[in-house]
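Heavy-atom basis, side chains included; hydrogens, waters and symmetry copies ignored. Here, residue 1 is the first one in the sequence, and each next residue gets the next number. Only a predicted model underlies this, so the values are computations on that prediction, with no experimental measurement involved.
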Amino acid sequence: MAATTLAIAIAMWSPAYSQPVIRDGQLSAMAQRLFPALHGRLAGEARDRRVAACAGAPACVVEAAILRDDEREALAARSPDGGDDVRRQVDGLNEILRVYGVGKLPRYPLIDGSDSPFGSDAFAAKVADAVVMSMAQRSDPALGGDISLSLALALLDVNDKNAAVAFEPLDQRYNAAAFKRARTTNWGRYRYSAILVLGVGPDDLETPLSAKGKVNVRVAAEQLAAGIAPFLIVSGSAVHPRDTPHVEALEMRRALIERFGIPADAIVVDPYARHTTTNLRNATRRLVAMGAPFDRDMLVVSNASHIDAVASPAFVERNRRELGYQPAIADGRIAPTAIAMKPLRESLRVDPADPLDP
């Protein structure tokens with residue numbers, strides 16, 4: 001991308017430049033999902049000057065768009081709720097800029113980050129394209145006129161990292177029947193509030209549901225038929241292997257309905273979790289949204305080696321290291337393929353170091 005083209009695009013950011021307001025539905029959904037506390041609050045002359053001084057150099061533009069600590073704290077100080085949400089979302093925005101625009105190694109490099117290697121011509125081209133895109137969409141109402149927010153979302157867009165809104169509104173689209181049934185469920189009748197079914201990714205891009213995943217589905221269906229819980233929660237995104245088009249949760253849901261006749265109102269979908277840590281965290285969040293009581297464990301089902309890992313002290317340490325808290329605590333191994341877990345309300349916390357998994 002020629003520097004002159006970028007310079008023209010950056011010049012078009014000037015408030016003096018005007019054009020009809022066009023709303024991008026996906027951009028709006030991404031902004032609202034990832035950065036709801038930042039709309040209309042970010043615009044800053046200092047960052048605009050930093051960007052303008054870059055004279056069209058893409059790497060410079062990305063660095064200039066990263067909010068400094070004093071800028072973050074100034075925004076937080078003006079927030080009526082104490083600024084915690086603003087700080088977290090600014091940190092998440094900066095993380096996107098650094099990972100997709102600068103080349104910082106993400107927490108999970110096997111599934112996150114640009115598909116183009118840092119330092120390659122392809123990586124540089126994506127950054128340049130994102131800069132031009134960020135300027136072109138500057139007037140979209142979703143952005144509140146801010147270059148940093150626009151650039152972060154453009155970097156995600158050019159890397160096709162839009163899964164954060166791919167299933168929204170989740171509970172109205174996929175979970176409506178189960179949530180309706182939850183309103184009249186007598187939770188006291190059941191030993192567990194739900195059975196959480198973990199996904200196991202296949203080894204290739206063509207296979208929708210691995211053999212181990214199919215076994216997990218069968219085991220969960222049998223447990224549901226035994227009457228120990230009113231709902232199944234299927235959890236897993238499109239992560240294994242990298243670039244797979246198949247979403248584990250949706251493939252498990254399909255198998256439960258088509259192969260075992262499980263009714264849709266007994267299945268809750270979490271298509272966002274990308275790790276076992278967030279499987280447990282997101283399942284707890286869905287239980288909270290359903291109004292499930294916290295005096296009931298959930299039963300977690302997977303293959304024996306996966307459950308071994310969940311039951312291990314190493315998993316407790318992994319939660320502490322990656323999430324900063326425990327989303328659930330082990331409450332007894334029920335079988336080689338199942339463990340009872342007590343969900344914890346800490347799961348409602350959001351991690352700014354993993355902004356794409358809100």
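Side-chain contact annotation: Q223 with Y192, donor-acceptor N/O pair under 3.5 Å absent. In this model, a donor atom of one side chain and an acceptor atom of the other lie less than 3.5 Å apart for D204 and T207. Using a 3.5 Å distance cut-off with no hydrogens or angles, the side chains of H306 and T276 do pair a donor with an acceptor.
Counting only heavy atoms from C-beta outward, the side chains of Y190 and I228 never approach each other to under 4.5 Å. Inter-residue side-chain proximity for I307 and P336 is flagged as unmet; no heavy-atom pair is nearer than 4.5 Å. At a threshold of 4.5 Å between non-hydrogen side-chain atoms, the residues F35 and I96 count as touching. No side-chain heavy atom of L196 sits less than 4.5 Å from a side-chain heavy atom of L299. Contact of the V301 side chain with the L198 side chain is not registered, since no non-hydrogen atoms from C-beta on lie closer than 4.5 Å. Residues V219 and N216 are not in side-chain contact: their nearest non-hydrogen atoms beyond the backbone lie 4.5 Å or more apart. Taking 4.5 Å as the limit, some side-chain heavy atom of L280 sits within range of a side-chain heavy atom of V300. You'll find the side chain of M290 stays beyond 4.5 Å of the side chain of S193, heavy atoms only.
Between the side chain of T185 and the backbone N or O of R181 there is at least one donor-acceptor pair closer than 3.5 Å. A side-chain donor-acceptor contact under 3.5 Å links S347 to the backbone of P327. A donor-acceptor distance shorter than 3.5 angstrom exists from the side chain of R333 to the backbone of A335, with no hydrogens or angles considered. The backbone N or O of I147 lies less than 3.5 Å from no partner atom in the side chain of S150, so there is not a single donor-acceptor pair. Of the possible donor and acceptor atoms, one in the side chain of S312 sits under 3.5 Å from a partner among the backbone N and O of A309. In terms of modelled atom types and a separation under 3.5 Å, the side chain of D140 and the main chain of D24 share a donor-acceptor contact. Checked by atom type and distance alone, the side chain of N175 never pairs as donor or acceptor with a backbone atom of A178 at under 3.5 Å. Of the possible polar contacts, none joining the T244 side chain to the P241 backbone as a donor-acceptor pair under 3.5 Å is found. Not a single donor-acceptor pair under 3.5 Å links the side chain of R23 to the backbone N or O of A142. Not one N or O on the side chain of N319 forms a donor-acceptor pair closer than 3.5 Å with the backbone of T277.
Atom NE2 of H246 and atom OG of S237 lie 13.0 Å apart (nearest 0.5 Å). Rounding to the nearest 0.5 angstrom, the gap separating the OG atom in S235 from the NE2 atom in H275 is 11.0 Å. R259 CZ to R218 CZ: the interatomic distance, rounded to the nearest 0.5 Å, is 7.5 Å. Within the model, atoms CG of L149 and CE of M30 stand 10.5 Å from one another, a figure rounded to the nearest 0.5 Å. Between the CD1 atom in I334 and the CG atom in D297 there is a gap of 8.0 Å [rounded to 0.5 Å]. Between T284 atom OG1 and Q326 atom CD the span is 11.5 Å, to the nearest 0.5 Å.
Within a 6.0 Å sphere centred on CG of N186, other residues, nucleotides and ligands contribute more than 12 heavy atoms. With a 6.0 Å radius and a threshold of 12 heavy atoms from other residues, nucleotides or ligands, K342 has its NZ atom above the threshold. The environment of R189 atom CZ is sparse: at most 12 non-hydrogen atoms of other residues, nucleotides or ligands sit within 6.0 angstrom.
Of all non-hydrogen atoms in K161 and G113, the two that sit nearest each other are CE-O, 3.5 Å. Across I339 and A311, no two heavy atoms sit closer than the pair CD1-CB, 3.6 Å. Looking at every heavy atom in both residues, A154 comes nearest to A130 through CB-O, 3.4 Å. Summarising the geometry of Q137 relative to L27, their closest heavy-atom pair is NE2-CD1, 3.7 Å, with the distance given to 0.1 Å. Of all heavy-atom pairs spanning N279 and G236, the tightest one is ND2-N, 3.9 Å. For the residue pair G324 and R349, the shortest heavy atom distance occurs at O-NH1, 3.9 Å.
Salt bridge status for D112 with R274: present, with a side-chain N to carboxylate O gap under 4.0 Å. A salt bridge links R87 with D84; the closest basic N to acidic carboxylate O contact falls under 4.0 Å. The pair R50-E63 does not count as a salt bridge, with every side-chain nitrogen at least 4.0 angstrom from each carboxylate oxygen. Ion pairing of D91 with R72 is present here, as a side-chain N (NZ or NE/NH1/NH2) and a carboxylate O approach within less than 4.0 Å. The residues R285 and D270 are annotated as not salt-bridged, no charged nitrogen and carboxylate oxygen being separated by less than 4.0 angstrom. Salt bridge annotation for E346-R281: absent, with no cationic side-chain nitrogen under 4.0 angstrom from a carboxylate oxygen. Ionic pairing of E71 and R68 is not present here: no N-O contact between side-chain nitrogen and carboxylate oxygen is shorter than 4.0 angstrom. Between E317 and R320 a salt bridge is recorded (basic side-chain N to carboxylate O distance below 4.0 Å).
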Stepwise side chain to side chain contact (heavy atoms under 4.5 Å, CB included) test for S148 and L67: CA-CA 8 Å; S148 300; L67 277 82; 3.6 Å; yes

Could you please spell out the steps behind the side chain to side chain contact (heavy atoms under 4.5 Å, CB included) verdict for Y100 and L156? CA-CA 7 Å; Y100 293 92; L156 294 180; 3.9 Å; yes

For E95 and K104, what are the C-alpha separation, side-chain angles and deciding distance, and is it a salt bridge (charged side-chain N to carboxylate O under 4.0 Å, His left out)? CA-CA 8 Å; E95 183 75 2; K104 175 188 174 185; 2.8 Å; yes

Between V132 and M135, does a side chain to side chain contact (heavy atoms under 4.5 Å, CB included) hold up when you go through it step by step? CA-CA 5 Å; V132 173; M135 302 305 170; 5.9 Å; no

Apply salt bridge (charged side-chain N to carboxylate O under 4.0 Å, His left out) to D146 and R138, showing your working. CA-CA 7 Å; D146 187 75; R138 74 205 176 285; over 6 Å; no

I would like to know whether I66 and R98 meet side chain to side chain contact (heavy atoms under 4.5 Å, CB included); could you show each step before the answer? CA-CA 8 Å; I66 295 172; R98 291 183 175 119; 3.4 Å; yes

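Linking Ile, Leu, Val, Met, Phe, Trp and Tyr residues whenever their side-chain heavy atoms come within less than 4.5 Å leaves V247 and V239 in two separate clusters. By the criterion of side-chain heavy atoms lying less than 4.5 angstrom apart, applied directly or through intervening Ile, Leu, Val, Met, Phe, Trp or Tyr residues, L34 is grouped together with L75 in one hydrophobic cluster. Side-chain heavy atoms closer than 4.5 Å link hydrophobic residues (I, L, V, M, F, W, Y) into clusters, and following such links, possibly through other members, connects V62 to L153. Hydrophobic cluster membership is shared by L256 and V269, with clusters built from Ile, Leu, Val, Met, Phe, Trp and Tyr side chains linked at under 4.5 angstrom. Under the 4.5 Å side-chain heavy-atom criterion for grouping Ile, Leu, Val, Met, Phe, Trp and Tyr, F123 is connected to V61 within one hydrophobic cluster.
Judged by the 6.0 Å distance and 45° axis criteria, R345 is positioned over the aromatic ring of F294. A cation-pi arrangement is found for R33 relative to Y272, the charged atom lying closer than 6.0 Å to the ring centre and inside a 45° cone about the ring normal.
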